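Computation of the quantities below employed the complete heavy-atom set of this structure, encompassing side-chain atoms and omitting hydrogens, waters and symmetry-equivalent molecules. All of these numbers come straight from a predicted model, not from anything done at the bench.
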Amino acid sequence: MLKKLKLKFIVIATLSMMLVLVIVLGSVNIITYTNAVADIYATLEFVSEKSERDLSEKALSEWQKKKITPETQYETRYIIVDVDEKGVLVNYNDEHIAAIDEEEREMFLEPAINSRRYKGLYEYDGLNYAYLKTFKENGNIKIVIMDCTRNISAVHFFVNFSCYIGTLSVLLTMLILSFFARKAVQPLVRNIEAQKQFITNASHELKTPLAVISANTEVIEMMGGKSEWTESTVKQVQRMSELISQLVVLSRLEERQDLVLSDVDMSAETASVTESLRVVAQTQGKKMECGIDENIHVNADQKGLHELISILVDNAVKYCDEGGKVTVRLYQKGRNVILLVANDYAKGEGVDYKRFFDRFYREDQSHNNEKQGYGIGLSMADSLVRMFKGKIQVTYKKPVISFTVIL
């Protein structure tokens with residue numbers, strides 16, 4: 001149990017750390033990329049505007065607010081071209097760039113000229129470029145193409161650096177959690193063990209006074225005959241003894257963490273349980289309908305599987321409406337084995353089915369004796385299914401409540 005709790009603690013804490021890192025570093029990288037692209041386009045707009053005319057001091061001061069100065073034009077490597085409406089090159093000015101030869105000019109300009117967008121980014125010969133299109137009065141289109149390799153490379157470096165930092169942070173977190181996990185879960189383990197020990201000890205301690213009460217009641221009946229009071233006492237002693245037995249079984253189930261599963265004929269176990277409870281259902285005026293496919297085997301513990309089926313079918317018979325029907329189905333679907341136990345339950349609307357597998361939960365909060373139950377059976381069923389590495393769920397579709405086990 002300690003190992004499993006430690007593992008769960010480490011996994012949950014690490015996943016939480018990873019989620020935080022993804023959100024934080026992802027947000028930072030998105031903001032960095034967005035700002036880098038915004039700076040690139042701002043520089044393109046400045047170069048395009050500056051190439052047309054000299055800017056006034058007021059205009060230059062406005063650009064300085066965007067961290068662009070008159071020197072930006074000379075620090076930037078760019079090309080200015082004019083094309084007509086058909087995309088034919090009219091004018092070409094490459095005095096501010098040296099990476100493009102005449103032979104490759106057409107291929108270099110093609111992405112910017114043919115693009116329908118007025119601005120964008122593209123890659124050529126392993127370098128990054130950005131373009132901006134503006135319409136001139138004569139109908140031509142001016143395109144400014146700028147080398148932005150350093151800007152994009154800086155963003156890529158930051159992204160890679162963030163990935164390295166994030167990975168290192170996760171690994172360090174796992175190492176630190178592995179060191180402190182035992183101390184973190186130890187109080188919880190002690191609490192669980194104390195609860196189990198309390199149930200075991202209390203069960204043994206309660207058996208003695210119950211035996212004394214039962215013996216005294218028998219003596220009273222021998223001396224004075226049976227009465228409604230002695231019968232009530234005997235009945236309550238029996239109910240208390242059954243509750244104690246169920247608590248001990250539940251406690252032992254939770255202790256069996258390393259249960260060895262083996263091949264079990266589930267068809268035979270289901271048939272055995274349904275046949276034994278069919279008579280009980282008939283005496284209560286309830287119908288039982290069974291559809292059990294033959295030769296279905298699962299990996300489970302035979303006694304535990306028998307107990308699981310008994311709990312579900314007994315529960316269905318017990319809480320089925322008067323004159324209602326109990327349905328038991330066992331079939332295989334792909335690699336899964338499905339056990340469906342359903343019964344008529346007209347009062348099932350508005351019930352909190354999520355709590356049905358909670359220990360001591362009973363839908364009838366008055367805890368009257370009309371239905372002899374303690375709210376432990378379904379909790380035991382849930383524990384057994386988890387031990388068999390399966391799933392159990394409850395659904396309600398008026399007027400039928402269904403329990404489905406998938407193994």
Closer than 3.5 angstrom, by distance alone: can the side chain of R386 be matched with the main-chain N or O of K391 as a donor-acceptor pair?
no

L330: which of E294, E269, M266 passes side chain to side chain contact (heavy atoms under 4.5 Å, CB included)
M266

Check against side chain to side chain contact (heavy atoms under 4.5 Å, CB included), L109 and I145
CA-CA 9 Å; L109 296 175; I145 303 175; 3.4 Å; yes

Pair S48-K142, side-chain hydrogen bond (donor to acceptor under 3.5 Å, both in side chains): steps then yes or no
CA-CA 8 Å; S48 178; K142 183 174 76 170; 3.3 Å; yes

Checking ring pair (Phe, Tyr, Trp, His ring centres under 6.0 Å) against F108, which of Y131, Y129, Y92 comes through?
Y129

Geometric cation-pi criterion K133 and Y118, 6.0 Å radius, 45° cone:
no

Before accepting this row, confirm whether a basic side-chain N of the pair K325/E289 lies closer than 4.0 Å to the acidic partner's carboxylate O.
yes

Pair L339, I309 - check side chain to side chain contact (heavy atoms under 4.5 Å, CB included), show working.
CA-CA 9 Å; L339 172 65; I309 301 169; 4.0 Å; yes

Do V47 and M146 pass the side chain to side chain contact (heavy atoms under 4.5 Å, CB included) test, and can you show the C-alpha distance, the side-chain angles, and the key distance before you say yes or no?
CA-CA 9 Å; V47 170; M146 183 182 76; 5.5 Å; no

Mark yes when over 12 heavy atoms from residues, nucleotides or ligands other than Y41 sit less than 6.0 Å from its OH; otherwise mark no.
yes

Of the options T270, T404, T274, L312, which is the one that meets V341 in a side chain to side chain contact (heavy atoms under 4.5 Å, CB included)?
L312

In a check of side chain to side chain contact (heavy atoms under 4.5 Å, CB included) between S169 and each of L171, T167, I165, which one passes?
I165

